Undergrad: 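Take a look at this one; I'll ask things after.
Within every chain, numbering begins at 1; the chains are lettered A, B, ... in the order of the sequence lines, protein sequences first and strands thereafter. Predicted model, so just to flag it, every value in this text is computed and none were measured.
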Amino acid sequence: MSIKPARTRFAPSPTGHLHLGGARTALYAYLLAKKTGGQFILRIEDTDTKRTVPGAEQEIMDGLRWLGLEYDEGPDLGGQHGPYRQTERREIYQRHAKILVERGHAYPCFCTPDQLEKVRQEQMKRKENPHYDGTCRNLAPDETAKRIADGEPHTIRFKIPHDGVTVAHDHLRGDIVTENKQLNDQVILKTDGLPTYHLAAMVDDHEMQITHVMRGSEWLGTFPLHVNIVRAFGWDEPTWIHLSVFLKPSGKGKMSKREAAAAMKDGYSIFIKDMQELGFTPEGVMNWCALMGWGVAEDDVMTVGQMIDRFSIDSLTPSPAAINFQKLDHFNATHIRLFTTEDLAARIKPYFTREGLLVKDDVLLKIIPLIRERLTTLDDCISFGAFFFKEDVTPNSEDLIAKGLDARQSADIARRVYQILEAQPDISHERCEPLLRAYVEESGLNVNQVFGILRVAITGQKVSPPLFESMEIIGRDVCLRRVQNAIGILEKL
RNA sequence: GCCCCCAUCGUCUAGUGGCCCAGGACGAAGCCCUCUCAAGGCUUAAACCGGGAUUCGAAUUCCCGUGGGGGCACCA
């Protein structure tokens with residue numbers, strides 16, 4: 001491969017939960033880095049100290065690792081281009097802001113938030129676009145110097161040319177041409193001495209030698225500004241890739257708090273932290289996520305490792321994608337079927353334990369082939385397999401009555417089945433199934449009636465893994481006891 | 001209000017001027033298999049937003065609408 005190694009980064013702000021959109025951005029960045037033999041970096045954009053949420057950074061790191069997106073450099077790993085937390089890089093930004101001021105690309109601004117708000121209100125009243133009115137753009141140098149010397153609080157604003165256009169190139173959308181008069185002299189360094197995103201991200205991407213910037217399309221609006229900042233420094237631009245947003249399942253608008261809550265009620269989530277608890281696998285989530293915004297023609301079941309081979313930024317799509325949770329189910333179930341028995345056993349065990357069940361490892365291994373293709377989510381193992389680990393089951397009495405028969409008749413059948421099973425030295429399915437089929441045959445009943453009663457007696461439920469294989473695993477003694485118990489229930493009706 | 005982005009089956013998408021009466025996947029319907037539920041196999045329905053233009057020829061290029069999304073902070 002003759003492609004140059006790419007350095008990519010995932011740069012979230014620690015203001016909330018790691019969600020689907022972030023996970024997908026991280027995935028694509030990871031894929032590109034790995035595909036080209038480059039590095040994938042985690043950078044924490046925590047310059048808005050008021051919005052920083054304790055624990056959010058840890059959740060991001062945990063989430064990425066759970067998804068299998070190991071970063072090569074990051075806050076907890078270090079690296080050649082650290083620190084990787086923006087609040088620890090203050091001086092770097094201040095130095096760069098100063099350079100911009102010296103070169104005439106930026107200027108100190110003494111306007112207070114109150115003044116700014118007033119101006120904005122008046123502009124709105126006049127139906128003008130809200131924008132900075134340029135009060136401090138052309139202050140005399142000595143006045144500026146004096147006010148700074150007096151300790152007057154100030155910000156630094158980036159100076160956008162009044163005339164002309166800015167042409168910014170996005171890899172997915174081509175040239176985006178914006179008239180400069182539409183642009184605003186944005187604050188790049190705040191009163192508190194910390195940078196805004198516009199400065200911090202540009203400086204860091206350059207300093208960290210990022211080659212491809214992947215970010216959400218919500219940055220498209222400030223894209224021309226960013227390009228201007230990079231050019232003001234005289235730096236080479238990275239390849240810019242603005243990813244589309246995720247829309248709620250209806251396709252009308254993006255996911256809101258309400259949508260998120262509604263999804264949760266259905267056993268789905270857009271937050272990575274919930275995925276494991278809901279029984280989703282990293283493989284399923286990543287596969288699902290990857291395909292919303294990446295056009296893969298066929299064979300779309302892939303692990304992250306397989307995605308690396310096939311990934312290309314040219315096949316990314318620019319249009320917004322509606323989230324489809326049914327497809328998450330599909331990918332999750334498909335990957336579950338691909339796991340080895342040992343792997344699936346290890347992944348499922350915690351869900352049994354969570355239910356307070358004592359798991360015998362040898363039994364666990366034996367039930368995997370029986371339940372594997374029945375699982376959509378890992379926690380489905382409870383509904384299909386909990387009865388293997390319980391001392392006794394408590395069948396619903398009505399479920400024990402076979403279709404078309406009454407309690408008496410059903411009890412008779414159960415007693416006969418008991419006799420047949422009791423006469424056997426073991427209850428391997430090879431031995432028992434033919435015997436019981438023969439009984440069905442001679443009794444004139446149908447298999448669903450007889451097997452149905454047995455199923456409910458043994459498993460306590462109407463839907464279960466294959467009956468005879470299950471009985472073999474449970475063992476003769478327990479099976480006989482459970483059938484006996486069912487007879488007792490039927491006799492009391 | 002202004003600016004920007006997007007537009008193929010219900011959904012995710014393939015398609016880069018003729019290979020397309022548009023292909024795949026999820027979902028849906030039907031059949032087969034079957035001890036329940038699944039899984040699996042087979043089959044069916046289902047789309048190029050509208051209007052102009054360019055061209056011998058347009059899902060594919062351009063323009064105008066329309067619809068959807070995003071942005072207009074000392075937030076990211």
Undergrad: Which residues pass the side chain to side chain contact (heavy atoms under 4.5 Å, CB included) test with A:V245, sequence neighbours left out?
TA: A:S217, A:E218, A:L247, A:P320
Undergrad: Let me have a per-nucleotide readout for nucleotides 33-47 of chain B, 5' to 3', with B, S or -, counting only protein heavy atoms under 4.0 Å.
TA: --BBBBSS-------
Undergrad: Near RNA chain B, counting only heavy atoms under 4.0 Å, which residues of residues 165-189 of chain A show up?
TA: A:R173, A:I176, A:Q182, A:V187
Undergrad: Holding to ring pair (Phe, Tyr, Trp, His ring centres under 6.0 Å), I want the full list of residues that pass it with A:Y28, two or more places apart in sequence or in another chain.
TA: A:F311
Undergrad: OP1 or OP2 of B:C74 sitting under 4.0 Å from any side-chain N/O of A:R157?
TA: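 Answer yes for this pair, as a side-chain N or O of A:R157 is under 4.0 Å from OP1 or OP2.
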Undergrad: Applying ring pair (Phe, Tyr, Trp, His ring centres under 6.0 Å), can you list everything that pairs with A:H206, at least two apart in sequence or on another chain?
TA: A:W235
Undergrad: Under the side chain to side chain contact (heavy atoms under 4.5 Å, CB included) rule, collect the residues that match up with A:Q86, sequence neighbours excluded.
TA: A:R43, A:E45, A:D46, A:T47, A:Y93, A:A200, A:D204
Undergrad: Suppose we screen for side chain to side chain contact (heavy atoms under 4.5 Å, CB included). Which residues come up paired with A:E283, at least two apart in sequence or across chains?
TA: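 A:E283 satisfies side chain to side chain contact (heavy atoms under 4.5 Å, CB included) with A:T281, A:H335, A:F339, A:R347 once adjacent residues are dropped.
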Undergrad: Report the residues that fulfil side chain to side chain contact (heavy atoms under 4.5 Å, CB included) with A:P108, sequence neighbours left out, ordered by chain and then residue number.
TA: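 So A:P108 forms a side chain to side chain contact (heavy atoms under 4.5 Å, CB included) with A:V101, A:F110, A:T144, A:I148, A:H154, A:I156.
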Undergrad: Nearest to the side chain of A:T222 - B:A76, B:A73, B:G70?
TA: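 The answer is B:A76.
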Undergrad: Enumerate the residue pairs fulfilling ring pair (Phe, Tyr, Trp, His ring centres under 6.0 Å) with a member in residues 159-179 of chain A, sequence neighbours excluded, ordered by first and then second residue.
TA: none
Undergrad: So which one's nearest nucleotide on RNA chain B is more toward 5', A:A321 or A:V245?
TA: A:A321
Undergrad: Could you go over nucleotides 26-29 of chain B and give all protein N or O partners under 3.5 Å, atom names and distances?
TA:
none

Undergrad: Which nucleotide in the list B:G1, B:C75, B:U13 gets nearest to the side chain of A:T196?
TA: B:C75
Undergrad: Taking salt bridge (charged side-chain N to carboxylate O under 4.0 Å, His left out) as the definition, give me every residue that meets it alongside A:D48, ordered by chain and number, with sequence neighbours left out.
TA: A:R51
Undergrad: Rounded to whole angstrom, note down the C1' distance from B:C9 over to B:G27.
TA: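 Looking at atom C1' only, B:C9 and B:G27 are 12 Å apart.
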Undergrad: Which residues pass the ring pair (Phe, Tyr, Trp, His ring centres under 6.0 Å) test with A:H131, not counting sequence neighbours?
TA: none
